[in-house]
Amino acid sequence: MLLAEMPVEKVIAMLPEKLEAYTANTITDRTVLLKELEQVREQGFAIIDNELE
């Protein structure tokens with residue numbers, strides 16, 4: 001949710017090239033994550049779908 005509030009350019013600058021997987025559901029592709037953040041911005045909320053548990 002915090003990343004969704006940042007400008008896209010700043011998020012891209014902060015993200016490492018390879019994202020670490022914490023579970024089988026963790027988003028590890030930067031492009032997929034950026035699309036997810038765009039959806040969060042549009043919806044105004046985020047849902048954790050077993051990405052950290």
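What you are looking at is a predicted structure, and each value in this text was computed from that prediction instead of being measured. Values below: all heavy atoms of this structure, side chains included; hydrogens, waters and symmetry mates excluded.
Checked against side chain to side chain contact (heavy atoms under 4.5 Å, CB included), Ile12 has the following partners two or more places apart in sequence or in another chain: Val8, Arg30, Leu34. Taking Pro7 as the reference, Glu9, Lys10 meet the side chain to side chain contact (heavy atoms under 4.5 Å, CB included) condition, with sequence neighbours excluded.
Minimum interatomic distance between Ala4 and Val40 (heavy atoms only, all atoms of both residues): CB-CG1, 3.5 Å. Residues Thr31 and Asp29 share a closest heavy-atom pair of N-OD1, 2.8 Å.
Put simply, the side chain of Met14 does not reach to within 4.5 Å of the side chain of Val11, judged on heavy atoms. Counting heavy atoms from C-beta on, the side chains of Leu33 and Leu15 come closer than 4.5 Å. Here the side chains of Val32 and Glu36 are not in contact, with every heavy-atom distance at 4.5 Å or above.
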Subject >> side chain to side chain contact (heavy atoms under 4.5 Å, CB included) assessment of Met6 paired with Leu3 >> reply: CA-CA 5 Å; Met6 293 181 178; Leu3 290 176; 4.1 Å; yes
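In this structure, the separation between CD on Glu20 and OG1 on Thr28 is 10.5 Å, given to the nearest 0.5 Å.
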